[in-house]
**Q** 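There's a structure below that I have some questions on.
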Number of protein chains: 2
Amino acid sequence: MMKTKDYELLLERKGLKKTKVRIALIQHFMNMEHAQSYNDLQAALVSELDKSTLYRNLTSFEQAGIIHRINDHTGISKYAFGEPQIHGNEHAHFVCECCETVYCMEGLVPLQLNIPKGFKTNNVQTVIKGICAKC
Amino acid sequence: MMKTKDYELLLERKGLKKTKVRIALIQHFMNMEHAQSYNDLQAALVSELDKSTLYRNLTSFEQAGIIHRINDHTGISKYAFGEPQIHGNEHAHFVCECCETVYCMEGLVPLQLNIPKGFKTNNVQTVIKGICAKC
DNA sequence: TTCACAAATGCAACTTGGTTGCATTTAAAT
DNA sequence: ATTTAAATGCAACCAAGTTGCATTTGTGAA
């Protein structure tokens, strides 16, 4: 997929400084296929990363479109590589009720709702709960 | 719709004691057309209700199917009268990006996702963000 | 009606995800 | 090498929600 050093190009393109923390973070996101919580990240990035630094970088990355934030209805935000918009529509997320892993589901969400008059839809977010292939 | 004292029948039927707090709570839910946050409830139920009592009752009510909990992706749970299951499918929720009001949307959510092999879907929750009729 | 018991309440203390203010450090442009 | 704005780390903080425990209250049986 991505060549070595592509994360540096990514940071450059977004006008973000290439700091140690950011490079470690972005590499980790590229290696993980599942969404990561704050705790996942803190545990994975061995070198005791500061809480506020981590959260601030997650926010920067999200704003830059490097990662997207996922709310899996546990109240705890998770983050995954890539922008939420795929083909102009948001993708759905699958939350395993057993292992709590969050998967990004490719494929559009065809949705025909009867929204009442006067309501303007901006975006639709779908969370699917169930049991994943591993459980 | 509901006759006077129906909330008492509701509590009885669910095997819940008819306490002052519960009667006030359930009446409030019946009068409110929109989802209520902890703060909404605390502000509405004038008689300084205890935090843990309120949360515990919200949990009981949810388990009994009197109310349902809604996650509108702000990280703050909201609660609305009624069960989430309508015709065997969960209804969608509309969150106004302006006034933050959460509306329960009637009507099914027809959904055709390509869930990968080995994934078992239990339920689907949809949050629609946009601008409501009042804003 | 009263008695007894389980369940509900209220209080305080705690947990946790996330934020903020500020001094120090560092990336990178000149 | 110098400068400067942005990033980091630390501590203190905030808010949503939970827990343990003593007290009160609803309810069913005597």
Side-chain angles (χ1 to χ4, degrees), chain A residues 5 7-28 35-64 66-80 95 100 102, chain B residues 5 7-28 35-64 66-79 100 102:
Chain A
K5 297 287 181 77
Y7 52 84
E8 297 201 358
L9 287 170
L10 193 50
L11 288 174
E12 261 171 42
R13 212 183 323 133
K14 302 294 185 176
L16 295 172
K17 283 188 184 177
K18 289 174 275 184
T19 68
K20 285 183 183 181
V21 172
R22 281 176 183 168
I23 288 168
L25 241 187
I26 212 166
Q27 279 185 307
H28 179 71
Q36 302 286 293
S37 67
Y38 165 79
N39 281 325
D40 294 336
L41 295 168
Q42 194 60 274
L45 305 178
V46 207
S47 45
E48 266 317 319
L49 182 50
D50 180 71
K51 195 193 248 202
S52 53
T53 301
L54 179 42
Y55 276 115
R56 281 193 275 234
N57 276 318
L58 289 173
T59 304
S60 310
F61 282 12
E62 193 193 3
Q63 282 167 358
I66 295 172
I67 61 173
H68 63 285
R69 186 188 302 245
I70 303 162
N71 189 305
D72 64 1
H73 295 188
T74 61
I76 299 163
S77 291
K78 297 203 170 131
Y79 306 84
V95 184
E100 306 227 309
V102 175
Chain B
K5 296 286 180 78
Y7 52 84
E8 296 200 359
L9 288 171
L10 192 50
L11 289 173
E12 263 172 40
R13 211 183 323 134
K14 303 295 185 177
L16 295 170
K17 283 188 185 174
K18 287 174 276 182
T19 68
K20 285 184 184 181
V21 171
R22 280 175 184 168
I23 289 168
L25 242 188
I26 212 166
Q27 279 185 306
H28 179 70
Q36 302 286 294
S37 67
Y38 164 79
N39 280 325
D40 293 337
L41 295 168
Q42 194 59 273
L45 304 178
V46 207
S47 46
E48 264 317 317
L49 182 48
D50 180 68
K51 197 193 249 203
S52 53
T53 301
L54 179 42
Y55 277 116
R56 282 193 274 235
N57 276 319
L58 289 173
T59 304
S60 311
F61 281 13
E62 193 193 3
Q63 281 166 358
I66 296 172
I67 60 171
H68 63 283
R69 186 189 302 247
I70 303 162
N71 189 305
D72 63 0
H73 296 187
T74 62
I76 299 161
S77 290
K78 298 204 169 131
Y79 306 83
E100 306 224 312
V102 175

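Predicted, not measured: the structure shown is a model, and the values here were computed from it. Reminder, nothing fancy here: chain letters follow the sequence lines and each chain counts from 1. Values reported hereafter were calculated over all heavy atoms of this structure, with side chains retained and with hydrogens, waters and symmetry mates removed.
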**Q** Starting at atom CD of Glu48(A), determine the distance to atom P of dC10(D), rounded to an integer number of angstrom.
**A**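 The distance from CD of Glu48(A) to P of dC10(D) comes to 9 Å, rounded to the nearest Å.
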
**Q** Check whether any side-chain nitrogen or oxygen of Asn39(B) sits under 4.0 Å from OP1 or OP2 of dA16(D), and answer yes or no.
**A**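 Yes, because at least one side-chain N or O of Asn39(B) sits under 4.0 Å from OP1 or OP2 of dA16(D).
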
**Q** Give me the atom names and distance for the closest heavy-atom approach of Gln42(B) to Leu49(B).
**A**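 In terms of heavy atoms, the two residues are closest at NE2-O, 3.0 Å.
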
**Q** Work out which heavy atom in Gly75(A) is nearest to a heavy atom in Asp72(A); give both atom names and the distance.
**A**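 Minimum heavy-atom separation between Gly75(A) and Asp72(A): N-OD1, 4.4 Å.
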
**Q** Please tell me which of the listed nucleotides, dT8(D), dC10(D), dT19(C), lies nearest to the side chain of Thr53(A)?
**A**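 The answer is dT8(D), which lies nearest to the side chain.
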
**Q** For Lys78(B) versus Ala35(B), what's the shortest heavy-atom pair and its separation?
**A**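 Closest approach of Lys78(B) to Ala35(B): CB-CB, 3.9 Å.
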
**Q** Looking just at side-chain N and O atoms, do Asn39(A) and Ser37(A) make a donor-acceptor pair shorter than 3.5 Å?
**A**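 No - no donor-acceptor pair under 3.5 Å links their side chains.
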
**Q** Do any N or O atoms from the side chain of Arg22(A) and from the backbone of Lys17(A) form a donor-acceptor pair under 3.5 angstrom?
**A**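 Answer holds: yes.
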
**Q** If you check every side-chain atom of Leu16(A), which of dA7(D), dT9(C), dG9(D) has the closest atom?
**A**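 Ranking dA7(D), dT9(C), dG9(D) by closest atom to the Leu16(A) side chain puts dA7(D) first.
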
**Q** Return the value, rounded to whole Å, for the distance between atom CG of Leu11(B) and atom P of dA7(C).
**A**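 Atom CG in Leu11(B) sits about 16 Å away from atom P in dA7(C).
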
**Q** Separation of Leu58(A) atom CG from dT19(C) atom P, in whole Å?
**A**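 Taking CG of Leu58(A) and P of dT19(C), I get 9 Å after rounding.
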
**Q** Asn57(A) side chain N/O closer than 4.0 Å to the phosphate oxygens (OP1, OP2) of dT8(D)?
**A**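 Result: yes.
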
**Q** Could you tell me the separation between the CZ atom of Arg69(B) and the P atom of dT18(D), rounded to a whole number of Å?
**A**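 Distance, rounded to whole Å: 7 Å.
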
**Q** From the list dA5(D), dC10(D), dT9(C), which nucleotide is the closest neighbour of the side chain of Lys17(A)?
**A**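 It is dA5(D).
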
**Q** Look at the side-chain N and O atoms of Tyr55(B) and state whether any lies under 4.0 Å from the OP1 or OP2 oxygen of dG17(D).
**A**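 Answer yes for this pair, as a side-chain N or O of Tyr55(B) is under 4.0 Å from OP1 or OP2.
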
**Q** Just how far, in rounded Å, is C1' of dT19(C) from CG of Asp50(A)?
**A**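 So the CG-C1' distance, Asp50(A) to dT19(C), works out to 12 Å.
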
**Q** So which nucleotide from dA8(C), dG17(D), dA11(D) ends up closest to the side chain of Thr19(B)?
**A**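 Output: dA8(C).
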
**Q** Going by modelled atom types, is there a donor-acceptor pair between the base of dG17(D) and the side chain of Lys51(B) at under 3.5 Å?
**A**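 A donor-acceptor contact between them is present.
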
**Q** Between the base of dG10(C) and the side chain of Arg56(B), is one N or O donor paired with an acceptor at under 3.5 angstrom?
**A**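 By the distance-only test, yes, there is a pair.
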
**Q** Is Ser77(A) touching bases, backbone alone, or none of the nucleic acid, heavy atoms closer than 4.0 Å?
**A**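 Sugar-phosphate contact only.
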
**Q** Starting at atom CZ of Arg22(A), determine the distance to atom C1' of dT26(C), rounded to an integer number of angstrom.
**A**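 For the pair Arg22(A) CZ and dT26(C) C1', the rounded distance is 11 Å.
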
**Q** Among the nucleotides dG17(C), dT20(C), dA16(D), which one has an atom lying closest to any side-chain atom of Ile76(B)?
**A**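 Of dG17(C), dT20(C), dA16(D), dA16(D) is nearest to the side chain of Ile76(B).
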
**Q** What is the distance, rounded to the nearest whole Å, between atom CG of Leu25(A) and atom P of dA7(D)?
**A**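 The answer, rounded to whole Å, is 13 Å.
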
**Q** Atom NZ of Lys78(A) and atom C1' of dG17(C): how far apart are they, to the nearest Å?
**A**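 To the nearest whole Å, that distance equals 13 Å.
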
